[in-house]
Protein chains: 2
Amino acid sequence: MGFTIKDVAERAGVSPATVSRVLNGQQRYIRPETRERVLRAVQELGYLPDRRAQALRRRRTGVIGVLTPDISNPFFSLLVRGVEHEARAHGYSVLICDSQNAPEGEDRAIDALLRERVDGVIVTSVRADNTKLLKFLSKGIALVVADRPLTHLDVPTVTVDNVRDGYKLTKHLLALGYERLAFIQGPPDTATALGRWTGYLQALREHDLEPPKGAVVSGDFTFEGGYRAAKRLLRRLGAFDAIVAANDLMALGALYALRERGIAVPDELGLAGFDDIPMASWVHPRLTTVAIPAYRIGKEAMKLLCACVRTDADKVRHRVLPTRLVVGESCRPSRR
Amino acid sequence: MGFTIKDVAERAGVSPATVSRVLNGQQRYIRPETRERVLRAVQELGYLPDRRAQALRRRRTGVIGVLTPDISNPFFSLLVRGVEHEARAHGYSVLICDSQNAPEGEDRAIDALLRERVDGVIVTSVRADNTKLLKFLSKGIALVVADRPLTHLDVPTVTVDNVRDGYKLTKHLLALGYERLAFIQGPPDTATALGRWTGYLQALREHDLEPPKGAVVSGDFTFEGGYRAAKRLLRRLGAFDAIVAANDLMALGALYALRERGIAVPDELGLAGFDDIPMASWVHPRLTTVAIPAYRIGKEAMKLLCACVRTDADKVRHRVLPTRLVVGESCRPSRR
DNA sequence: ACGTTTTCTGAAAACGTTCTCGGGAATCGT
DNA sequence: ACGATTCCCGAGAACGTTTTCAGAAAACGT
């Protein structure tokens, strides 16, 4: 059935040790003719080394794990893609664990990653304070946090400045003439959602404004959640002149709810989000949003992880990537 | 750092064998007190067995692979989700390999899966005739094909009837009064794309119609591809009164192109696709499409795989799941 | 009280690799 | 021609589990 290194050795008339040496690119100290024979045997049998046996013997698996709250969220699937691309370049393969946006799912995923003995982990946690992540560190597994900073752990981190983004977007809307900005929040225990909310509040305060009464509702970062949140908001129609959603997916859900009710965007209500996921530019009107470089976040996180693994000098490095305000057509140019 | 079964054994004052027995649910022949001591030691050390060592010793890894052409395509991410859900229920974990829609990527992924010694594979191949898949069978690895049937292999398969779907949708459009249906094709070597195209041709022939000249263009199942294809089509504007795309993602890309050109759907042009991905119902007008039960396909494929592994009586079973025509608003009710 | 069965547990051999030794053959320097 | 290097390669011990085998201790039947 499956051939082992012994089969190859036998066929080539050498010892397993030699086969291993040939395959692992030990260039020197191998007679060309021997190498030739081994490679031919490998070829003929279609031999592929057993990764699990390799991992057991070498003290590393060559696998890094990425813990994501929701892979079907385009933002994270882009981030993962960034990780994968960089990982491949370094010879790692990636194991994706989806926590389904649930703390229990996250704990399960962490155990799975520990059992798999991954060499490192890139995590965007559901909760900002998951202490179970400490397990990685205590077992000497490199850990890098992407996108969502943790409160209790000082580890390398690749993020954006969510407060600044929230502030930036809100200021933009205020500058356009909007004054009563409804807000659809994200999960309250993620730093991302919290940061954007904080920035929003800051900007309002600067204009001596407050969130309109009853026009702040909670969501869960999904399209459906945004849709439901918007429906709740619409009961207070008139209390606000624009909606800011804590991410694009919810903004799109809101857009759907508005269209359902026949409310024109941006003519009757402004709408904005965060992330600039591909779909944000596919809809009409093109969503005004803040572009978060998800792919680059993943890529940089992987780079940091490699640095951690190589030089285990754990000088904690944080990288904060720049973002860009994307002016779409979902907020009208100016009020007058 | 990482604790082994020996550490646990030592701490509990028993042999590794006993620890293993306790952990693997060998209920009988273990003194309750011993079990107690072992479990406490496991608890205290936070011991988690090494999956790789386990896999090496037992002759199975408990991992099944799924080979998908493009995980960022919502259709496949839904399919994978179906696989995952069912797999978890059977105690399997899944390893996702994305071939990036490229034959070379697929070959690489197959090798990866072979090296990982997965217990089984669910594959939706890029090419209908990839002979490299035979390797799985020759190594005794269970193989189930999902969504895209293969031409050269007789293995368990879960599909829909693409020809029927293409026929069904086309008939629907013809019944609405459309007569000159442009077509955006999918990758020519996938059975899915081919089947839908075939069904489309069948339906046209029944009405003594032909594809409008110059209004058949090729695409690659992506949003961007659909967008570009539509732009090409628009050079022949007037030669057709509706566009059928071989999947929803391309239809959405086309929708974007039409909007860009200020062409109203469905007033000036009809538009339809296949799959009924979530986004098809998020846009305006709601896409007319044929709903393919991606999640169920994944789920059923996993069920078949389990059946294969258990009873290696390889009685090939094919399952063809029903589909449903979803009448949206992207095709006008009737022509008059 | 003495075989016989039933419970419980440990020693040790796998699983498929890699890697450290060490030893034989070839090459080199003189 | 002969010690000293330099090349090449095999034996065998790991890596962390599971599982077979067998043996000791306890329970049982007479």
Side-chain angles (χ1 to χ4, degrees), chain A residues 1-39 41-42 45-63 91 114-119 139-141, chain B residues 1-39 41-42 45-63 91 114-119 139-141:
Chain A
M1 208 90 21
F3 292 110
T4 78
I5 201 171
K6 272 188 200 155
D7 300 321
V8 178
E10 198 171 341
R11 187 170 240 270
V14 299
S15 77
T18 303
V19 176
S20 175
R21 269 187 284 252
V22 169
L23 260 39
N24 294 342
Q26 278 283 14
Q27 296 296 350
R28 290 182 331 226
Y29 302 159
I30 292 261
R31 204 153 24 120
E33 187 222 323
T34 313
R35 168 191 311 283
E36 178 66 28
R37 272 220 313 283
V38 169
L39 289 180
V42 166
L45 293 183
Y47 166 72
L48 287 174
D50 185 324
R51 297 263 301 162
R52 303 195 130 78
Q54 288 183 319
L56 195 58
R57 179 56 233 233
R58 314 180 180 167
R59 314 290 313 234
R60 24 167 274 126
T61 56
V63 176
L114 286 170
R115 261 192 290 262
E116 294 289 344
R117 302 290 195 266
V118 289
D119 293 336
K139 296 198 192 268
I141 296 173
Chain B
M1 207 89 22
F3 292 110
T4 79
I5 202 171
K6 273 188 198 153
D7 300 321
V8 178
E10 198 171 341
R11 186 171 243 269
V14 297
S15 77
T18 303
V19 177
S20 175
R21 270 187 283 253
V22 170
L23 259 39
N24 293 340
Q26 277 284 14
Q27 295 297 349
R28 290 185 329 233
Y29 301 159
I30 292 264
R31 200 149 33 114
E33 188 221 322
T34 312
R35 167 190 310 283
E36 177 67 28
R37 271 220 313 283
V38 169
L39 289 180
V42 166
L45 294 183
Y47 166 72
L48 288 173
D50 185 325
R51 297 266 299 163
R52 304 194 129 77
Q54 288 184 319
L56 194 58
R57 178 59 233 231
R58 325 194 221 211
R59 315 289 313 229
R60 23 167 276 126
T61 55
V63 175
L114 287 170
R115 262 193 289 264
E116 294 289 344
R117 301 290 193 269
V118 289
D119 294 335
K139 296 199 192 267
I141 296 174

Categorize Arg115(B) for me: base, sugar-phosphate, or nothing, with a 4.0 angstrom heavy-atom threshold over every strand shown. nothing
Measure the CG-OG1 distance between Leu39(A) and Thr34(A) for me, rounded to the nearest 0.5 Å. 10.5 Å
From CD1 of Ile5(A) over to C1' of dA11(D), roughly how many Å is that when rounded to an integer? 14 Å
Can you check whether Thr61(A) reaches Leu56(A) side chain to side chain, under 4.5 Å on heavy atoms? no
Looking only at heavy atoms, the pair that brings Ile5(B) and Pro16(B) closest together is CD1-O, 3.7 Å
Hey, does the side chain of Thr34(A) come within less than 4.0 Å of dC8(D)'s phosphate (OP1/OP2), counting only N and O? no
With axes from five pairs an end, tell me the bend angle of the helix from dA1(C)-dT30(D) to dT30(C)-dA1(D), nearest 10°. 40°
Atom of Arg37(B), atom of Gly13(B) and distance for their closest heavy-atom approach: NH2-O, 4.0 Å
Can you tell me how far C1' of dG16(D) sits from CZ of Arg117(A), to the nearest Å? 8 Å
Respond yes when some side-chain nitrogen or oxygen of Thr18(A) is under 4.0 Å from OP1 or OP2 of dG10(D), and no when none is. yes
Do the side chains of Val19(A) and Val22(A) get nearer than 4.5 Å, heavy atoms only? no
Between Arg58(A) and dT18(C), does any side-chain N or O lie under 4.0 Å from OP1 or OP2? yes
Of the candidate nucleotides dG10(C), dT18(C), dC9(D), which contains the atom at the shortest distance from the side chain of Ser15(B)? dG10(C)
Is any NZ, NE, NH1 or NH2 atom of the basic residue among Lys6(B) and Glu10(B) found under 4.0 Å from an Asp or Glu carboxylate oxygen of the other? no
In this structure, which one of Val42(A), Leu48(A), Leu45(A) forms a side chain to side chain contact (heavy atoms under 4.5 Å, CB included) with Phe3(A)? Leu45(A)
Proximity to DNA chain C (any heavy atom under 4.0 Å), residues of residues 50-57 of chain B only: Leu56(B), Arg57(B)
Student check: side-chain heavy atoms of Val63(A) and Glu116(A) closer than 4.5 Å: no
Rounded to whole angstrom units, what separation is found between the CD atom of Glu33(B) and the P atom of dT7(C)? 19 Å
If you round to the nearest 0.5 Å, how far is CZ of Arg51(B) from CZ of Arg58(B)? 7.5 Å
Taking for Leu23(A) and for Pro32(B) the nucleotide of DNA chain C with the nearest heavy atom, the one nearer the 5' end belongs to Pro32(B)
Got a second to check how far Leu114(B)'s CG is from Asp50(A)'s CG, nearest 0.5 Å? 11.0 Å
Return the CZ to CZ distance between Arg52(B) and Arg117(B), rounded to the nearest 0.5 Å. 13.0 Å
So Arg60(B), base contact, sugar-phosphate only, or nothing? Heavy-atom distance under 4.0 Å. nothing
At 4.0 Å (heavy atoms only), tell me whether Thr4(B) reaches a base, stays on the sugar-phosphate, or touches nothing. sugar-phosphate
Length of the line joining Ile30(A):CD1 and dG10(D):C1', which is rounded to integer Å: 12 Å
Roughly how far, to the nearest 0.5 Å, is the CZ atom of Arg21(A) from the OG atom of Ser15(A)? 6.0 Å
Starting at the 5' end of DNA chain D, which residue's closest nucleotide do you reach first, Ala17(A) or Leu48(B)? Ala17(A)
Arg59(A) CZ - dA14(D) P separation (whole Å): 12 Å
Taken to the nearest whole Å, NZ/Lys6(A) to C1'/dA11(D) is 12 Å
In whole angstrom, give the distance that lies between atom CG of Asp7(A) and atom P of dC15(C). 11 Å
With respect to the phosphate group of dT7(C), does any side-chain polar atom (N or O) of Tyr29(B) fall under 4.0 Å of OP1 or OP2? yes
Under 3.5 Å, N/O pairs linking protein and nucleotides 23-26 of chain D:
none

Rounded to the nearest 0.5 Å, the CD atom of Gln54(A) sits from the CZ atom of Arg60(A) at a distance of 10.5 Å
What is the distance from CZ of Phe3(A) to P of dC15(C), rounded to the nearest Å? 16 Å
